[in-house]
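Report on the following structure.
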4 protein chains.
Amino acid sequence: MATNKRMEVRKANLIKAAEKVFAEKGFHQATISEIARQAGVSDATIYEYFPTKEELLFAIPLSMTLKGKEDLLLHLKIIRGAANKLRAIIYWYLDIYEKHPDYASVALLILKSNREFLKTDTYQVVREWARLFVDIVKEGIESGEFKVNTDPYLVRAAVLGTIEHNVISHLLLGRPKNLLSLVDPLTEIVVRGICQDDGFNGWRIKVAFEQPPEKLEQKLDKTVGRNKKKRK
Amino acid sequence: MATNKRMEVRKANLIKAAEKVFAEKGFHQATISEIARQAGVSDATIYEYFPTKEELLFAIPLSMTLKGKEDLLLHLKIIRGAANKLRAIIYWYLDIYEKHPDYASVALLILKSNREFLKTDTYQVVREWARLFVDIVKEGIESGEFKVNTDPYLVRAAVLGTIEHNVISHLLLGRPKNLLSLVDPLTEIVVRGICQDDGFNGWRIKVAFEQPPEKLEQKLDKTVGRNKKKRK
Amino acid sequence: MATNKRMEVRKANLIKAAEKVFAEKGFHQATISEIARQAGVSDATIYEYFPTKEELLFAIPLSMTLKGKEDLLLHLKIIRGAANKLRAIIYWYLDIYEKHPDYASVALLILKSNREFLKTDTYQVVREWARLFVDIVKEGIESGEFKVNTDPYLVRAAVLGTIEHNVISHLLLGRPKNLLSLVDPLTEIVVRGICQDDGFNGWRIKVAFEQPPEKLEQKLDKTVGRNKKKRK
Amino acid sequence: MATNKRMEVRKANLIKAAEKVFAEKGFHQATISEIARQAGVSDATIYEYFPTKEELLFAIPLSMTLKGKEDLLLHLKIIRGAANKLRAIIYWYLDIYEKHPDYASVALLILKSNREFLKTDTYQVVREWARLFVDIVKEGIESGEFKVNTDPYLVRAAVLGTIEHNVISHLLLGRPKNLLSLVDPLTEIVVRGICQDDGFNGWRIKVAFEQPPEKLEQKLDKTVGRNKKKRK
DNA sequence: TATGAATGAGGTTTCATTCAT
DNA sequence: GATGAATGAAACCTCATTCAT
């Protein structure tokens, strides 16, 4: 059991080393030798823990994915409202990626475009995640928070796609500098994009002026209040 | 001139063959031999046209990028309103990716995560595109179509990120089946997410029913149009 | 005939270009393309004049060897005495190599170690040269100028070897700077090394001064003549 | 230590195999595959020991050069007189080359004309050798054994050049058959070529016979002593 | 005659992976 | 359990050379 523990630790180290080297060089440019060197072991040792280079790659997201899921689930349970939960998810992703750039590189630049990864157990965990996301959106629809005809899959794609696009840009180009600053703007766009107009269910009667004086209009905007946000 | 033409044609064929093989196998799994076979030429011939395998890869997006840009620019000139232009862009992207899945694979699964591509001339064209996108959003902000505090870069990331996420999913998982069906839902989310409430500049008078009958409401929705959504 | 002349000129140009490129890069590092570029023709044109790259190499020494031989033969006919002829040969070689460093490179760094060159017609000319050299030494032996037991082949090897060693050093290391400055020292060593002591076959009687005045001695040296050189 | 020893042995074997193949085929004609076959290992194994084919080539002269230098230095210490040392060097070289024709081929036909070799550490050892040679000649000059105006560099070039010329001829043409037979003739030429006449500073009176009987002459030579050496 | 274009042939090199110790 | 050492397999790329025009 002592050895078992030892091996777990070493395995984790190997994964960490692999993450670093893969992030720096990409999968094909990275060599087992370099990973071994980074981990302070011999090449052959890596093969004691992982059957192939690709399996080593696939092992990288596992812990993060599993542990991350637990954490996030915990958070989500205490949060009320689909929109708020969306924000939590967005926060969580951007936070993780910002704090673990090597992991971000591996996940978004390497694994994302690896067809084999889709067959992985780890990927199944990711799938479950994805389902969770969809469920939250559905929940929001059902609760009336989101529009009825909202496509939960599209929303998911929008949120994750936007996050990933930004993270990749952050990794490769250095912009945006700060990922967490995106949390609120992104949340707002998405939530506004899918929320019920204002939850008001009566008749809406519009009265148009022939030529509404611009300045007046602006005042009116402020006075009457545009329903920028929803009510609950 | 005849020879020049011949070579242009052959070069285009090589690019096409490369696109296909790269799309199927990925960059590293694809071999020059297979591309040559696919193109019906010898390995060495490829090197008459492209100095390295990587240069061959980078040549793939060039024509699409250049020609695409022209086409889209033409469209955009005829379209009025930033939101409409956004929709045009979304349409254009999804259309291209749906019609050219090999190209989509190369662009989104291979080039997107290739750091060297960023140093390419072709990438510069992509950058110009990106600027154009931002300009359109800014235009929408100035015209009052979009909210004043809209972050154009975030909007761009959202649109492109969502598109790319969907295209990748389409390529790898087969979902969504139909990319163009995303045009309107995506446009709506984004535009709603960033537009001024509704751009209507009159008085808004709300008349509430005490208990609006569900069925009536639905009918009214369709009849009167506007607020597509319901209540629960 | 006009065309014939044209072709001869072009052939000579090709050889010149090849000489330059081979000298710079060595045989294997040099490419037909580069030689063609240097000559201002296409790769294929070279093959109109020479069947293979190696034949092009072997063509380089031909003109020099043939023309050189004629010239030198002319000189040798006017010169009397084997030692003087030896000096003429040494001069001629060093002169040629100094004036034509590219040729020297090709001859001494490339052809010298090419086994195929030995089968060449051009090499046969070189062999005749070599025979000539030996004949001169033999002549010197017969005339009594050189020691009876002189090995003409060794003398040839010594002269040519020394020259080549110096030329190579000159080419690769830049030392000696000036090749022609070697003519006399080299001649002296070799001739002293093989000449009859002084060719004098009588008794030698030495008469010593107690303290021969240095200056006188020097004068005497010049006046009487130390047998540095031979007589005829 | 056992493994270390094993690897040293294998490395030496690889060098031996390379020496053989390079000698037979030349550097460019020789292939790693053939060397590997000759050594009884796989191609890849060679690259475990040498980073490139060229480095493998450059490794060949190292041991010979180092060990040889030690041996020769030992000899030279016991030998008195610059002329005798010269003879020892000549002997040593010809002996090595005769005993190791493959090495001779590599050294004189391949390395001699390789510009990159000049940048090698091994070549630096060769340079030190060369300095040693010059020092011996200088020593001879200072001791009065050799003429004052002797150029040590020219002497070195003469000795080495002559040796190399003969060895190459021996390798390529089979002549001379026996290299060691050159030791004395070559030594004599060179030493005669540069030795002090006899350092005798008196009058020299010559008495000629009308017809000196050949045989008598020879006896006289021995009896009276040719002024091969000097006094001080 | 000159050449643009195509290619056959092959070599060096790289690495993931294996296995005896 | 760890590793030093060995290798199989293959890929990219280069060039001398050919041939239709």
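Chain A is the first sequence line, chain B the second, and so forth, proteins listed ahead of strands; every chain is numbered from 1. Since the structure is predicted, the reported quantities are computational estimates derived from the model, not experimental observations. What you see below is based on every heavy atom in this structure, not just the backbone, and it leaves out hydrogens, waters and symmetry mates.
A cation-pi arrangement is present between A/Lys11 and A/Phe50 under the rule of less than 6.0 angstrom and at most 45 degrees off the ring axis.
Between A/Leu56 atom CG and E/dC15 atom C1' there is a gap of 15 Å when expressed in whole angstrom units. To the nearest angstrom, C1' of E/dG11 lies 13 Å from CZ of D/Arg37. Rounded to an integer number of Å, the gap from CD1 of D/Ile35 to P of E/dT13 is 11 Å. In this structure, A/Met7 atom CE and F/dG1 atom C1' are separated by 8 Å, rounded to whole Å. To the nearest angstrom, P of E/dA16 lies 15 Å from CD of A/Glu55. Going from atom CG of B/Leu14 over to atom C1' of E/dT7 covers 13 Å, rounded to whole Å. If you take CD1 of A/Ile46 and P of E/dA16, they are 9 Å apart, rounded to a whole angstrom. To the nearest angstrom, P of E/dA20 lies 15 Å from CZ of D/Arg6.
Put simply, OG1 on C/Thr120 and CZ on C/Arg127 are 12.5 Å apart, with the number rounded to the nearest 0.5 Å.
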Report summary line: Given Watson-Crick and G-U pairs under 3.5 Å, DNA chain F in dot-bracket ([ ] crossing, | other strand) is .||||||||||||||||||||
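At the phosphate of E/dA2, neither OP1 nor OP2 sits under 4.0 Å from any side-chain N or O atom of C/Thr45.
Closest contact between the side chain of D/Tyr49 and the listed nucleotides F/dT7, F/dA6, E/dT3 involves F/dA6. Of the candidate nucleotides F/dA2, F/dA6, E/dA2, F/dA2 has the atom nearest to the side chain of A/Arg10.
Considering only residues two or more places apart in sequence or on other chains, C/Thr52 meets the side chain to side chain contact (heavy atoms under 4.5 Å, CB included) condition with C/Glu54, C/Glu55. Evaluation of the salt bridge (charged side-chain N to carboxylate O under 4.0 Å, His left out) rule for B/Glu116 yields B/Lys119 as partners, not counting sequence neighbours.
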Show which side-chain atoms of residues 28-35 of chain B pair as donor or acceptor with protein atoms under 3.5 Å away, not counting sequence neighbours.
residue, atom, partner, partner atom, Å
B/Thr31, OG1, B/Glu34, N, 3.1
B/Ser33, OG, B/Asp43, OD2, 2.7
B/Glu34, OE1, B/Lys25, NZ, 3.0
B/Glu34, OE2, B/Lys25, NZ, 3.1

Pairs under 3.5 angstrom only: tabulate donor-acceptor contacts from the side chains of residues 12-21 of chain C to other protein residues two or more places apart or in another chain.
residue, atom, partner, partner atom, Å
C/Lys16, NZ, C/Glu19, OE2, 3.3

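Between D/Phe22 and D/Phe27, the ring-plane angle classifies as tilted under the 30° and 60° cut-offs. Taking the six-membered ring for Trp and thresholds of 30 and 60 degrees, C/Tyr97 and C/Tyr103 have nearly parallel ring planes, at less than 30 degrees apart.
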**Report entry** Under 4.0 Å protein heavy-atom contacts per nucleotide of nucleotides 10-15 of chain F, with B for base, S for backbone only and - for none
**Finding:** -SSBBB
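What you find for C/Thr122 and C/Pro61 is that their closest heavy atoms are CG2-CG, 3.7 Å.
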